[in-house]
Amino acid sequence: MKVSHLLRSIQYAVLTVVGWVLTPIIRLIFSLVYRSSSKCVTPIEDPLCLLPATELARKIRTREVTSEAVVRAYIERARLVNRDCNFIVADRFQEALQEARNVDTILDGHVIAEKFSEQNAPFLGVPTSIKEAFALKGMPQTSGLVMMRDYRASEDAPVVGRLRQAGLIPTMVTNVSELCMWYESANRLNGRSCNPYNTSRIVGGSSGGEGCAIASGAAVVGVGSDIGGSIRMPSFFNGIFGHKPSNGLVPSGGQFPLPTGRDMELLTTGPMCRYATDLLPLLKVMSGPEAKLAKLDQKVDVMKIRFFTMFDDGGSLLVSHVEPEIQESQRKVSTEQSNHADRYIRLISTQATEQSKIM
Ligand SMILES: *[C@@H]1O[C@H](CO)[C@@H](O)[C@H](O)[C@H]1NC(C)=O
Ligand SMILES: CC(=O)N[C@H]1CO[C@H](CO)[C@@H](O)[C@@H]1O
């Protein structure tokens, strides 16, 4: 055995022991610190806050319900849960209610302009939240940076413009991690956002305010952006649906911070939703004329899709281990897939383990 291999093995053994000893201590400290503040938000009472955005849009268009009633229901819920979860950076509740009343006037009219047709404005009168890193005219766009405290966006980011054109009404901008760099949503300017299912837990990041707002029923849909998990992690942490689309589908401009060079290829903007049924219609709106690039209307055979997943971190000593509960859920999904998918899952898992042994 080469000396370098021997040294690595010793290093590995020492770090493993340190990890074993430190993890329970760290867990104990955090559980004591956050014990008293743990809480689950109160259940949603208003039935309007329990409907998909597409269903709300249909009800508003057919005048079963007014846009004002829908927007008001979400505003009330947002006010209530924000006390426990702190996801709102700034709201525009009064403007949103006025815009909702305008929608009601339009839909009550005899002739509805082409601009507001079901085709052109499929979400007319439905509220949405917006990740604070995106420019929403007149609203802060700080990404949690103290230096940006007084900055207000002078125009809408392109994706926000598309959402508005589709009839969505922004009610608030929601919290992110500082400069959207971390996988929680806490910063010196707007504080920490807390998970609605257990306020002692984090919401994920960087689109964590969106994840929290949507999970708690304070919003039904929202917009996130993702380089290394910023849509996917908060969606997972809060139990909602999110999608990181391929690059080039949804415009990512009008965000702060906006990466440069190759990082820009990794940054994509996408939908976050309380109901899976809203993902596709929302992605279509967000991608506008580019929607045709992705064959969004083509039927997909789920059994022919290759799934890649890892059951653990490959034994890396620099991160915490994956909880057995999470591994068990992954296993459940993998056994429900065809053997074909299962083969790939195993392959990836083994490769990762092999790689980490020789790190
Ligand atoms: C939140 O999580 C902590 C740590 O697991 C647990 O002790 C507590 O009971 C949970 N609180 C709620 C409201 O579920
Ligand atoms: C609890 C907390 O820190 N809330 C803050 C959320 O962000 C707004 C806007 O920056 C602050 O005014 C609140 O104090």
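One-based numbering along the sequence shown. One-based numbering, in listed order, for ligands and for the atoms of each.
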Requested in this report: Report the residue from Arg61, Arg63, Arg101 that forms a salt bridge (Lys or Arg N to Asp or Glu O under 4.0 Å) with Asp108.
Outcome: Arg63
Report summary line: Sorted by chain and residue number, the side chain to side chain contact (heavy atoms under 4.5 Å, CB included) partners of Ala100 (sequence neighbours excluded) come out as Ser67, Glu68, Val71, Ile169
Report summary line: Output for ligand 2, non-hydrogen cut-off under 4.0 Å, lists Asn86, Val89, Leu189, Asn190, Gly191
**Report entry** Side-chain H-bond candidate by donor/acceptor type, Ser206 with Lys131, under 3.5 Å
**Finding:** yes
Query raised in the report: Using a 4.0 angstrom limit on heavy atoms, which residues are close to ligand 1?
Result: Ser38, Lys39, Cys40, Asn198, Ser200, Arg201
Under 3.5 Å, side-chain donor or acceptor atoms of residues 292-303 against the rest of the protein: list the pairs with distances, not counting sequence neighbours.
| from | atom 1 | to | atom 2 | distance (Å) |
| --- | --- | --- | --- | --- |
| Lys292 | NZ | Pro289 | O | 3.0 |
| Asp297 | OD1 | Lys284 | NZ | 2.7 |
| Asp301 | OD1 | Met303 | N | 3.0 |

Query - Arg79/Glu76 ion pair, N-O < 4.0 Å - result: no
Report task. Using distance alone, with no hydrogens and no angle criterion, decide if Thr268 and Asn247 have a side-chain donor and acceptor under 3.5 Å apart. Result -> no
Requested in this report: State plainly whether the residues Arg162 and Glu290 are in salt-bridge range, i.e. N to O under 4.0 Å.
Outcome: yes
**Report entry** Note: Arg58-Glu64 ion pair, threshold 4.0 Å (strictly below)
**Finding:** yes
Query raised in the report: Would Asp156 and Arg164 pass as an ion pair if we require N to O under 4.0 Å?
Result: yes
